[in-house]
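Worksheet: the structure to be examined is printed underneath.
Throughout, protein chains are lettered first and strands after them, A, B, ... in sequence-line order, and every chain is numbered starting at 1.
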Amino acid sequence: MKSVYFHVTEEDTKYLSFLKPILNGKCTVRLGNTPLTLGLELILRAKEAGCTAIATSCETTLQMFLGKGKKLDDYEGSMIERHGMEILFVPPVKQLLTIPYMRHLYERYFDKYIHPERWLTIPKFEWELFDPSQVDRWMDILSSASFVSCDIETGPEGDRVITCIGFTAVRIDAASNSFTVATIVVPFTDLFNLVFVSNVLSLPVPKVFQNGKYDNAYLLRYNMPTINYAFDTMYMFHCWYSELPKTLDFITGYLLRKWEFWKDESKTTDLLQYYEYNAKDCFTTAMSLLAIFLEFPDYAIKNYLMEFPVMFPCMLTEATGILCDKKAMADNAEKMELTIAKELHELQQMVNAPGYNPNSPKQTGQLFHILGCKDIKGTGKIPQDKAGARHPLNKVIMKKIEKIRGSRKLASSYLKEDVLWNDRIYYSLNPHGTDTGRNASKESQFWCGLQIQNIPRDRKDIQVKDQFISYSGFYMGEADGEQAEARDTAYLSGDLKLIAAVEDHTKDFHGYNASSFFGIPYDRIVKSYALANGLWKHDVLDKDIRDLSKRTNHGANYNMGPDVMVDTMGIENVIRARTLLGLPQHWPLRKVCDYLLTKYAETYPVVKGAWYDKCSADVMGTGFLIGPTGWTRRCFGDPVKIKHDLNRYVAHPPQSLNAMVMNQAYRKVFHEIYLPNPQDFKLGPQIHDSIVFQYRIGRQDLAWKVKECMEIPTKVKDTFGIERTFIVPVALKGEHTRWSKLVDAKEWKQAA
DNA sequence: TGGCTCTGCGCC
DNA sequence: AAAGGGCGCAGAGCCA
């Protein structure tokens, strides 16, 4: 059995009991935690203790070998060799307690010593700088490779240029069960070089990138599309372990036995080192892909076939962006500036502090203190609600703070002209962004634009979506799945009452809920009547109680506790609910919310009963949650012991199922509408339940087709094994040039 | 000055 | 003691 000297920190010693179940019987561990002065000391101690390998979770020790400023969390999983001894860097032992997947990582990292033979043996890292006289030799190497990994480096932010690209050619020889590797870096300094790069990318050889949507966005600017971009290590790793990090350095530490963190080398000013850094990125991407091939489980392949193709419509829509009405933006900005100036002045006078900044948590905390609310922690919306409830004067102040913060948030996040490029708002959409398979969004890779999934929805005083307009000759459209997650929850759980509620077209879902939860006749909450065309219209009579049931439904769905519900509803709303429902006036607010949640549980008993139990049992029993589409999440958390883990695992199935169906829809819209009609259709972002798009004026048919593409029949087996097929209905809007002004399709005039 | 963490808050 | 899911970004404040 391998004998490992494990050097830990003083802090780590408190958590050593967590190590035992992980390493017992697999390797002999000799522990040490006395401080060192020299790296060599560690080697000697290890040898004295009869160990043949070293592991350490100590950052100071790391720095002793690799220099000041080096960070342990960068080097986790890295292995170096000194004086003939291997040294492995592992995360702080405490994280076995605080990070759900850490046990898995510890097992993985120590396996580098326990079963070294199981790990991919990688060749020595070598690379060449592009030399025009070697073009033919390199074209031979690259074109005969089994796959080529590619990675670009980009210049300073605003330039939006590529500085160089690296290629690693891997040729697998199945007969001898071996492979050869060759890496080249091509600087983007000469047209000749660019032609070579373009030729390489045009080769039919499969390409692999690490998050290649970024690289390809830049390559497309140079008119260098990649042919056969088939693999992506970031997507593959996400499909394998959606809960784990997926940066290249992490993946490398996870997959390659002996490799040293190199990501800090990108900051070099030495050009040759810079190219070498690029070469390392390529080399590690290629080696990581090989390592993934060795272990990639069937479920991950299945996930990859669902997830990776979504990258292509995302790449298209990222390059399209949305046109911005600069005047509308400037008007909105001015409106906010005026509000801020006025409110800030009044607030500062009110609290008699001319320099007071309500956005400062520190200063606002001091204000809370002065107002006699020193027991309230935080200064956000919920703490403000609490402080405001204590005194009418507090409330006036809190309202002002809230208003200023809200206006500033809008102004600073969404109303700045400098996010524009080509008068457009660009964004990026990342299919590998979340644990559930939903897309995440952030600003464009071209250092501009916005996160597109959190644009404020229109309010009475301001409409940010006024700024988003269609291209000349086009209308905007948006198609939105209706109560998608509620439907998914209904069919996944198999709660018959919930299924009936979401499927009853003759009633408004939240109105129906309000009636069931609170025992109020439905027709006192919503008036529903049939239209001539067989559709139903629902006029809300009692908005308050309907909103209440919306909150209850939403909170209860995610396993919210009564205290948090008081916070999110707000004190006033809970008091109103107490009155509205005729509950005893002496009931504390917590009890009111408890009552609301109980009503949900009584109305839909399967959801919080058998369904939650099944989610939990699946995770405990198999470590997997498998959705109806086959999408599989490897789960490292413990839903029995840790409530947060239970919450995320019961939230996963509906959120994930919805994401999967929406991703299928996005792909369908791309293939069936955009590709045949590129002149008449523009693909916009997918925003969780909805798809935004533009269609040429007069092509209403294309807008209707989006709705069709999204209404995908989904077959679901419920908690009890009963199978049903259902469709999430899609509401269509369009026929306007402004995102804020889209018209419900039910009100469209028929196209001529 | 730049880099980092924390707090707060926008959306579904 | 208390425990709502999933994201990303701006500003404040602190440190080097």
Side-chain angles (χ1 to χ4, degrees), chain A residues 68-69 71 73 242-243 264 267 357-365 377-384 401-402 404-416 419 427-444 449-459 462 464-465 478 480-486 488-489 551-569 590 593 597 600 608 612 615 625 633 637 639 641-656 658-659 662 685-692:
Chain A
K68 276 248 174 298
K71 293 264 175 255
D73 58 344
S242 67
E243 296 186 0
D264 47 1
K267 295 177 194 103
N357 176 4
N359 280 66
S360 159
K362 204 180 163 203
Q363 293 176 33
T364 306
K377 57 172 194 282
T379 66
K381 275 195 172 161
I382 292 161
Q384 282 170 41
I401 295 175
E402 191 186 359
I404 293 167
R405 284 191 178 180
S407 304
R408 280 187 172 166
K409 171 86 175 172
L410 245 63
S412 63
S413 301
Y414 309 102
L415 308 179
K416 288 194 302 196
V419 307
Y427 46 86
S428 72
L429 230 44
N430 301 312
H432 52 65
T434 71
D435 291 358
T436 57
R438 265 189 177 183
N439 291 345
S441 168
K442 56 190 184 67
E443 295 165 340
S444 161
L450 296 174
Q451 207 285 41
I452 198 67
Q453 291 177 328
N454 71 349
I455 306 298
R457 44 181 196 296
D458 290 343
R459 308 189 319 215
I462 187 166
V464 177
K465 286 181 180 172
E478 182 164 6
D480 194 350
E482 295 179 299
Q483 284 109 28
E485 275 187 35
D488 291 342
T489 304
R551 291 165 196 274
T552 305
N553 184 61
H554 197 249
N557 266 337
Y558 292 133
N559 203 23
M560 188 191 268
D563 291 300
V564 175
M565 194 169 175
V566 175
D567 288 345
T568 41
M569 277 181 69
R590 184 185 195 279
C593 285
L597 292 169
Y600 177 95
K608 296 198 106 169
Y612 277 19
C615 294
L625 282 172
R633 170 171 174 178
K641 287 205 193 84
I642 300 168
K643 184 170 188 279
H644 176 67
D645 288 349
L646 173 65
N647 292 349
R648 53 197 185 106
Y649 292 137
V650 300
H652 170 89
Q655 192 173 111
S656 178
N658 182 39
M662 289 301 303
Q686 183 216 54
I687 303 175
H688 304 309
D689 295 342
S690 85
I691 295 175
V692 179

Review point. With distance as the sole test, does A:D488 use its side chain to make a donor-acceptor pair with the main-chain N or O of A:N658 at under 3.5 Å?
Key: yes
Review point. When rounded to the nearest 0.5 angstrom, what distance separates NE2 in A:H554 from CE in A:M560?
Key: 8.0 Å
Check your understanding: Along DNA chain B, 5' to 3', what are the outermost nucleotides having an atom less than 4.0 Å from a heavy atom of chain A?
Key -> B:dT7 to B:dC12
Check your understanding: Is there a donor-acceptor contact under 3.5 Å from the side chain of A:Q686 to the main chain of A:M662?
Key -> yes
Check your understanding: Just checking A:D563: base, sugar-phosphate only, or nothing, at a heavy-atom cut-off of under 4.0 Å?
Key -> sugar-phosphate
Check your understanding: When you look at A:E443 and A:K416, which way does the salt bridge (charged side-chain N to carboxylate O under 4.0 Å, His left out) test go after all the steps?
Key -> CA-CA 13 Å; A:E443 295 165 340; A:K416 288 194 302 196; over 6 Å; no
Review point. With a 4.0 Å cut-off on heavy atoms, is A:I455 in touch with a base, just the backbone sugar-phosphate, or nothing at all?
Key: sugar-phosphate
Check your understanding: Do A:Q384 and A:I401 touch side chain to side chain, with heavy atoms closer than 4.5 Å?
Key -> yes
Check your understanding: Less than 4.5 Å apart, any side-chain heavy atom of A:P456 and any of A:K409?
Key -> no
Check your understanding: How would you label the contact of A:G555 with the nucleic acid (heavy atoms, under 4.0 Å): base, sugar-phosphate, or nothing?
Key -> nothing
Check your understanding: For nucleotides 6-16 of chain C, read 5' to 3', which letter fits each nucleotide if B means a protein heavy atom sits under 4.0 Å from the base, S means only the sugar-phosphate is that close, and - means neither?
Key -> BSBSSSSSS--
Exercise for review: Remember a base hit wins even if backbone is also touched, and classify A:H554 as base, sugar-phosphate or nothing at under 4.0 Å, heavy atoms.
Suggested key: base
Review point. Is the shortest distance from a Lys or Arg side-chain nitrogen in A:E478 or A:K465 to a carboxylate oxygen in the other one below 4.0 Å?
Key: no
Point to revise | Qualifying residue for side chain to side chain donor-acceptor pair (under 3.5 Å) with A:S441, from A:Q451, A:H688, A:Q453 | key: A:Q451
